[in-house]
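The figures that follow rest on heavy atoms only: side chains count, while hydrogens, waters and symmetry mates do not. Throughout, residue positions are numbered sequentially from 1 according to the sequence presented.
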Amino acid sequence: MTRSDGRGDVDPIFNDRFEDNRIDPDEFAWRVLERISYGARPEDLAQFNGLGSTVDERLDAWLDLQLNWQALPDNDLQSRLSAAGFQTLGKPITQLWADHVRGSMNGSPERYFPVAETDAARLMRATYSSRQLYEMMVEFWHDHFNVTGWDFSIAPVFVQHDRDAIRPQALGNFRTLLESVAKSTAMQYYLDNKSNRRGGYNENWARELMELHTLGSEVYYPGAFHGQVPIGEDGLAVGYSDADVYDVARCFTGWTIRDGHWQFPDTPEYDTGEFFYHSAWHEGGQKNVLDQWVGPAGQEEARTVMDLLARHSATARHLCTKLCRRFVADEPPQSLVDSAASVWQANWQSPDQIALVLRHILGSEEFKSGQGSKVRRPFELMVSAFRKCGAEIEPRHYDGWTPYGELFGRFQQTGHGSFRWPAPDGYPDTAARWTSASVMGQSWRLLSRLPELREANDGPFLLDVQGITEAAFPLAADRTAANLVDFWVQRLLGGTIDAARRQRLVDFLRQNAAADVQLDISSGLPYGNWSSGNLSAHYTPVRLRAMVSLILISPEFHQR
């Protein structure tokens, strides 16, 4: 049901029960965790429901834990990352530069190890981290400040962009995050500010800074000159023009990296890959940005610009629209965007600005009562399957024959491969982009294969479908087609599925047996026995995994 007030898809029965406090707590927990985590596991639901006596208390307590992410233990993830033995995640930018740009590891594939290991660690973090909301926000900011990580020039330094620019302020302060991104070696390469100098300034970074990262294209005034854009209540121009872009570019002249450029001193300290301000490249004189005179003040001019952009009302609206779109609906309610923007602006200098805004959005009635119109993007589909099926993964791109070559290949073919979006606007966040025939087909191809992927030399399956099923039904007599289907529908979908679709799953699993007859899901592991005369016993473990695959490609699993 689509509401006419722009609040997206709302379950009217759920909404009525929520408003008079009759909502089932398990249903509420499922709806919350499916939308602000990468997938609700049974232990997540139990933890959520143990946080208070009412649904509001539980949501508030869960947000307290998740938004204070640095105090939230993450021991399981950390032990897994340590055991994986990644080589580059802890290297500072100077070591990345020395090893993978200038050193012996600058050839393929070693040059790409930093982005490849960041990609692998991203998958592990989303799957195993207890800091689920934090990891979702890291993904949000990677899309917002998009950098094509697999580019030849960017791949060897991409670790620094993720670790030092994005992750520290994912729930912190936007102004601080903005400057960290501006100084990121990867971003300096991606939007060409490393070559931005007086007498021939490069406007790429300045334009995307205003159009995508802060103010938004909605307040762009093409053809306007300084003084021709209306002034807002805060004394700043309500939007920007090309004249502003040019002057912002001039403010950022000299912000570059130590890349051994021929105009730098011929000494080792000028070839380290680090950010630095090269005053000889800065264009002097005054600049005008948003009807404010800036400078001359050297590198501080760029910081003044970022201050103006970070506190601007258009930036608040632009960012809060994207946040509400991420967590509420493709077309978020304007009233929620406006109230979130007020919180954003009021706290633009607060160290926990982003966390405060998220608390406002996720504690709102619009979030709690609205189902939203969101669909899972391919990365979310894959990680949700991993979380709910007890996956044991240690992914890596370059490690001989493993199932991960196939996994990453199929995932990339969905069009959502990690750090591969070529344009600076980042991966789209609306259903229209991810529900085309080609994307859905490749997503189904990936999801249907997941339960069959195994470690090298016929090792264990990545998804423990069989182990989970046997543990749930210790009595063999209970392992009927109807029971097994209902168990996995509950685990993967929270129990909600179209009745006809459920019946088709039961029929597929039982074959020629009755729905209440025991199925032998353990014999002849891992594939089962051959039985031409009794289809209900014919390769039953394989059919169990295929039934789970059918749930993974169902419309209900795609909805977030």
Side-chain angles (χ1 to χ4, degrees), residues 37-39 80-81 84 86 109 112-129 132 135-136 138-140 142-143 146-151 154-155 158 162 374-423 426-429 431 433-456 461-463 465 492 545 548-554 557-560:
S37 80
Y38 281 109
R80 290 174 181 275
L81 289 175
F86 295 126
Y112 291 86
F113 276 4
V115 67
E117 292 192 343
T118 304
D119 187 358
R122 177 199 184 205
L123 185 52
M124 293 181 70
R125 285 168 170 147
T127 301
Y128 297 118
S129 179
Q132 284 287 290
E135 292 298 336
M136 292 192 79
V138 170
E139 180 185 13
F140 175 86
H142 266 297
D143 283 339
N146 183 62
V147 167
T148 306
W150 290 85
D151 179 87
I154 295 169
F158 190 77
D162 175 73
K374 302 303 297 181
V375 298
R376 285 189 171 100
R377 300 186 294 184
F379 180 76
E380 298 162 36
L381 289 168
M382 178 172 62
V383 174
S384 184
F386 282 150
R387 284 177 63 80
K388 295 174 182 178
C389 295
E392 286 294 328
I393 60 171
E394 193 177 285
R396 55 190 73 243
H397 283 267
Y398 308 112
D399 190 25
W401 188 93
T402 72
Y404 300 110
E406 179 181 352
L407 175 71
F408 283 121
R410 288 177 183 260
F411 173 46
Q412 185 178 340
Q413 288 168 2
T414 67
H416 198 209
S418 299
F419 318 127
R420 293 182 183 274
W421 187 255
Y427 280 111
D429 191 20
R433 174 60 177 80
W434 304 108
T435 53
S436 67
S438 59
V439 173
M440 295 287 282
Q442 293 297 340
S443 296
W444 294 342
R445 183 171 174 264
L446 167 67
L447 292 170
S448 64
R449 181 62 176 156
L450 288 184
E452 295 298 330
L453 288 178
R454 304 177 68 183
E455 289 287 1
F461 290 96
L462 301 186
L463 272 59
V465 171
L492 297 176
R545 295 194 296 273
V548 170
S549 293
L550 291 173
I551 299 176
L552 294 178
I553 67 174
S554 68
F557 190 74
H558 281 64
Q559 185 176 3
R560 180 170 67 79

Sequence-distant partners of E394, salt bridge (charged side-chain N to carboxylate O under 4.0 Å, His left out), two or more places apart:
R396
Between the main-chain N or O of R545 and the side-chain N or O of S549, is there a donor-acceptor pair closer than 3.5 Å?
yes
Would D162 and V138 count as a side chain to side chain contact (heavy atoms under 4.5 Å, CB included) here? Give the steps.
CA-CA 8 Å; D162 175 73; V138 170; 4.2 Å; yes
Give the intermediate values and the outcome of side chain to side chain contact (heavy atoms under 4.5 Å, CB included) for residues F408 and Q413.
CA-CA 9 Å; F408 283 121; Q413 288 168 2; over 6 Å; no
Is the shortest side-chain heavy-atom distance between R454 and P403 below 4.5 Å?
no
With a 4.5 Å heavy-atom cut-off, do Y128 and L81 have their side chains touching?
no
Apply the ring-ring contact (aromatic ring centres under 6.0 Å, His included) test between H142 and each candidate in F419, W421, Y427, F379; give the one that qualifies.
F419
Student check: side-chain heavy atoms of H397 and Y404 closer than 4.5 Å
no
Rounded to the nearest 0.5 Å, what separation is found between the OH atom of Y112 and the CD1 atom of I154?
10.5 Å
Audit row: Q442, Q412, side chain to side chain contact (heavy atoms under 4.5 Å, CB included) steps and yes/no:
CA-CA 9 Å; Q442 293 297 340; Q412 185 178 340; over 6 Å; no
Could you tell me whether the side chain of N146 and the main chain of A423 form a donor-acceptor pair under 3.5 Å?
yes
Nearest 0.5 angstrom please: T127 OG1 to L462 CG, how far?
10.5 Å
How long is the straight-line distance from CZ of F158 back to OG1 of T118, given to the nearest 0.5 Å?
6.5 Å
Over 60° means perpendicular and under 30° means parallel, so classify the ring planes of H416 and F411, tilted if in between.
perpendicular
R449: partners by salt bridge (charged side-chain N to carboxylate O under 4.0 Å, His left out), with sequence neighbours left out
E406
Six-ring centre of Y38, R387 cation under 6.0 angstrom, axis tolerance 45°:
no
Quick one: closest heavy-atom pair of S37 and M136, and the distance?
N-SD, 3.4 Å
Please report the interatomic distance SG(C389) to CG(L450), rounded to the nearest 0.5 Å.
8.0 Å
Just verifying a value: how many Å separate F386 CZ and M124 CE, rounded to the nearest 0.5 Å?
11.0 Å
Heavy-atom closest pair, residues S384 and F557:
OG-CZ, 3.6 Å
Would you say the side-chain atoms of R560 pair up with the backbone N or O of R377, donor to acceptor, closer than 3.5 Å?
no
If only atom types and distance count, is the side chain of K388 paired as donor or acceptor with the main-chain N or O of L492 below 3.5 Å?
yes
Nearest 0.5 Å, what's the OG1-CG distance between T414 and L446?
6.5 Å
Which atoms form the tightest heavy-atom contact between A385 and L552, and what is the distance?
CB-CD2, 4.0 Å
For E380 and V375, which heavy atoms make the closest approach, and how far apart are they?
OE1-O, 4.3 Å
Dump the intermediate steps for side chain to side chain contact (heavy atoms under 4.5 Å, CB included) on L123 and L407, then the final yes or no.
CA-CA 11 Å; L123 185 52; L407 175 71; 4.1 Å; yes
Exam field: side chain S448 to backbone R445, donor-acceptor pair closer than 3.5 Å
yes
Looking only at atom types and distance, does a side-chain atom of W150 sit under 3.5 Å from a main-chain N or O of S418, one as donor and one as acceptor?
yes
Within a strict 4.5 Å, meaning less than it, do heavy atoms of the K374 and W434 side chains meet?
no
